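Working notes, structure below.
Residue numbers start from 1 in every chain, and the chains themselves are labelled A, B, ... in the order their sequence lines are given, proteins ahead of strands. What you see is a predicted model, and the numbers here were worked out from it, not measured in a lab.
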Amino acid sequence: MFHLAEQRLREALTTLLKERYGVDIPVVIEQPKQSDLGELAAPVAFALARQLKKAPKVIAAEIVAALPPVPGIASLEVAGNGFLNARLDRGAYGALLLAAASQAPATLPGKTIVEHTNINPNKAAHIGHLRNSVLGDTFVRMLRASGRTVEVQNYIDNTGVQVADVVVGFHHLEKKSVDEVRALLAAPRFDYYCWDLYARTSAYYADHPEAIQWRRDALHAIEHGEGVIAELGHLIADAIVECHLTTMWRLGISYDVLPRESEILHLQFWATAFEQLKQRKAIYFVEEGKNKGCWVMAATHFRDSAGEDSGDDDAKVIVRSNGTVTYVGKDIAYQMWKFGILGKDFHYTPLRTYPDGHVAWVATADESEAVTNRPAFGGGTEVYNVIDSRQSYLQDVVVAGLRALGYEQQADHSIHFSYEMVALSPRTCVELDIPLSEEDKKKSYVEVSGRKGLGVKADDLIDKLIEKAQVEVDARHAEKPEAERKRVATQIAIGALRYFLLKFTRNTVIAFDLQEALSFEGETGPYIQYAAVRAGKILAKLVERGEQIPEFTEVLDAEKMARQLSSEPFWQLLLAASKSGSALNAALSSGEPAAMARYAFQLAQAFNTFYQDYPILPEKDPEKRTVLLWLAVFFQKQLHHTLQNVLGIPVPEYM
RNA sequence: GGGACCGUAGCUCAGCUGGAUAGAGCAUCUGCCUUCUAAGCAGAGGGUCGCAGGUUCGAGUCCUGCCGGUCCUACCA
């Protein structure tokens with residue numbers, strides 16, 4: 001609703017500037033720093049001052065005098081050295097919000113593909129993975145809330161080095177048979193078992209460098225689908241994927257389709273891409289030098305700075321001298337598939353049906369198990385890859401590949417949704433008995449290492465949060481049934497975790513601090529949930545007392561709104577609550593889920609202040625009481641939507 | 001060597017395409033539970049926005065240089 005007012009003012013000013021001064025400049029509308037200056041501000045007079053050779057103040061005054069009334073805007077005034085400040089017509093604004101049914105946004109054309117999670121299926125997920133998934137999932141929700149059609153992909157590298165290492169661990173170190181592994185993976189927390197085994201295998205390599213040959217052999221066997229090793233590889237990877245899906249679902253995160261590396265190999269996606277790359281001369285064969293015998297992409301394609309002199313040595317190897325393709329090569333093929341320009345597709349079979357009925361599909365190379373009655377996958381118009389920022393170089397190469405093939409549009413719509421890693425605060429390392437070197441102790445954060453088995457497992461963290469929330473819930477609501485308390489505690493835990501991972505902007509390294517993450521006070525998820533619960537409680541109490549929630553559209557009108565909303569605190573709360581759409585657009589265009597999280601927090605803050613100062617139920621003045629009730633209802637609706645639909649944070653029944 | 005990012009309150013972080021008196025949370029201190037739940041609210045202290053120049057009506061934000069830190073720059077992913 002708010003952006004409508006912005007838009008109107010912008011258009012009115014643009015028209016006026018054109019007609020009166022003959023200038024066509026973009027009119028910036030912003031919000032004044034202080035609320036008593038109005039709701040909208042336009043610093044246009046400053047921009048015009050030089051052109052018109054007049055003082056900004058004079059220009060602003062002229063504009064105020066000349067601007068015809070703008071619907072929804074009550075007044076326009078000059079402030080400071082030449083700001084144009086506008087005040088909204090509060091009564092009209094309130095009436096508009098009252099009348100507007102919660103309309104779903106219009107569906108936008110095209111399909112947006114968001115790839116996130118992408119965890120190597122060889123061990124339990126840790127907090128770094130959670131940041132990826134929560135960021136990705138929230139961004140997906142933001143896109144959907146704005147009317148976009150989104151497909152969520154979770155790419156599974158089930159034939160890579162990391163899986164091979166765990167296979168080596170089972171086969172060579174533990175000498176376990178397929179059946180023995182099968183028995184293990186049926187037991188709970190197989191991913192934890194692999195977490196330790198992976199660390200042990202890595203340590204073994206360090207002590208026995210010759211054992212690296214096991215890895216090479218395993219990798220080869222897995223890629224070619226040969227023998228016991230390959231069987232183990234599939235068994236382990238599939239089981240771990242199940243673990244990851246279960247972990248993510250605890251946070252409300254689900255997927256539409258899981259493309260797998262093994263299918264990319266078997267269906268020869270790469271071969272198809274390779275032909276295209278060769279034909280279009282996007283890559284070339286190196287005859288001598290460092291990269292002799294490789295197919296490479298010239299550095300000029302993906303590096304602005306690479307000049308004439310950058311030779312073959314700076315190029316990125318796509319096909320190794322032994323004929324195997326690098327990950328980047330496969331990624332180019334995969335990215336082409338995402339846009340529907342590869343000319344090939346996977347077969348698909350259902351992998352999991354979530355409790356809400358949603359089905360996640362998995363790619364298969366086996367036509368016999370393919371299910372044809374299914375959604376269409378791939379073929380997106382824009383693609384977001386949620387991948388940590390350390391891989392930006394490789395993402396650049398992938399995009400350069402598309403460009404070199406002539407797919408300019410697809411290259412432009414390939415977005416590396418990058419984010420920084422999650423490290424551990426030194427304090428938390430001490431708490432978790434993670435050994436710190438002298439060097440580490442001086443740093444503000446310590447990097448986690450999956451290979452060393454150092455880190456915070458996702459499920460452990462979630463469990464810890466639930467446990468802590470449970471203590472709080474039990475203390476406040478001992479009379480409630482246990483199962484219910486457990487559910488509430490879980491919702492609080494999810495809120496705390498998701499908000500914690502979202503409150504940082506993407507390119508900020510999170511120095512994960514356990515105490516901070518476990519906090520339920522201040523700028524946290526539970527704080528926001530609490531505001532929503534409080535609003536709900538007012539309405540519940542009202543009904544409990546035998547009253548009914550009024551039909552606001554019948555008992556309120558613009559005049560009553562105007563009268564009550566002249567009170568600044570009421571107006572400020574309404575204004576804040578009405579900005580959820582603007583906040584979504586802003587967060588979307590900046591690509592920062594953190595902005596949306598922050599909006600929710602600020603809205604909760606506004607409500608908590610209001611809640612403290614204006615008890616609604618005891619209010620004597622009936623008109624005021626009705627408006628306040630409506631405010632609570634409107635606030636609740638907006639916050640619920642922002643929390644549940646956009647941020648994926650549940651709202652508990654009570655707290 | 002080349003590229004990218006970062007440096008804002010004691011700590012952790014916001015600060016939208018340059019705009020009005022630089023903001024939150026935590027921590028510290030002071031108040032507020034007989035009220036729709038205190039997981040809350042009100043208030044206080046705390047800043048040469050790394051340093052130095054420049055651009056202009058205006059710079060935390062843009063440009064240059066320097067200082068400090070991180071990541072990338074694999075025939076690993």
Fill in: Residue-phosphate contact under 4.0 Å: A:Asn507 side-chain N/O, B:C6 OP1/OP2
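Checking B:C6 against A:Asn507, a side-chain N or O does come within under 4.0 Å of OP1 or OP2.
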Worksheet item: Is any side-chain nitrogen or oxygen of A:Ser418 closer than 4.0 Å to OP1 or OP2 of B:C72?
Response: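 False: A:Ser418 side-chain N/O out of range (4.0 Å or more) of B:C72 OP1/OP2.
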Discussion item. With hydrogens left out and only the distance checked, is there a donor-acceptor pair under 3.5 Å joining A:Glu420's side chain and the base of B:U70?
Written reply: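 Check fails, no donor-acceptor contact within cut-off.
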Discussion item. I'd like to know if A:Asn291 reaches the base of B:A74 with its side chain, counting only an N/O donor and acceptor under 3.5 Å.
Written reply: no
Fill in: A:Arg427 (side chain) donor-acceptor with A:Asp513 (main chain) under 3.5 angstrom
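No, A:Arg427 side chain to A:Asp513 backbone: no donor-acceptor pair under 3.5 Å.
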Worksheet item: Has the side chain of A:Asn385 got a donor or acceptor atom that lies under 3.5 Å from a matching backbone atom of A:Glu115?
Response: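 No, because the side chain of A:Asn385 does not come within donor-acceptor range (under 3.5 Å) of the backbone of A:Glu115.
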Worksheet item: What pairs meet the salt bridge (charged side-chain N to carboxylate O under 4.0 Å, His left out) rule with one or both residues in residues 533-547 of chain A, with sequence neighbours excluded?
Response: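 Applying salt bridge (charged side-chain N to carboxylate O under 4.0 Å, His left out) to every pair that reaches into residues 533-547 of chain A, excluding sequence neighbours, yields A:Glu547-A:Arg625.
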Discussion item. Tell me if the aromatic rings of A:Phe570 and A:Tyr614 count as close, with their centers under 6.0 Å from one another.
Written reply: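 Centroid distance A:Phe570-A:Tyr614: below 6.0 Å, so yes.
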Discussion item. Looking only at the aromatic ring of each residue, does the gap between the centers of A:Phe512 and A:Tyr445 stay below 6.0 angstrom?
Written reply: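 No, ring centres 6.0 Å or more apart.
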Which nucleotide, [options], lies nearest any side-chain atom of [X]?
X        : options             : answer
A:Arg390 : B:C71, B:G25, B:A77 : B:C71
A:Phe504 : B:G19, B:C13, B:C72 : B:C13
A:Pro32  : B:C71, B:A20, B:U70 : B:A20
A:Phe601 : B:U12, B:G25, B:A74 : B:G25

Worksheet item: With the sugar-phosphate defined as primed atoms, P, OP1 and OP2, and the base as all remaining atoms, what B/S/- string results for nucleotides 36-45 of chain B, 5' to 3', for protein heavy atoms under 4.0 Å?
Response: BBSBBSS---
Worksheet item: Are the charged groups of A:Lys464 and A:Glu431 less than 4.0 angstrom apart, N to O?
Response: no
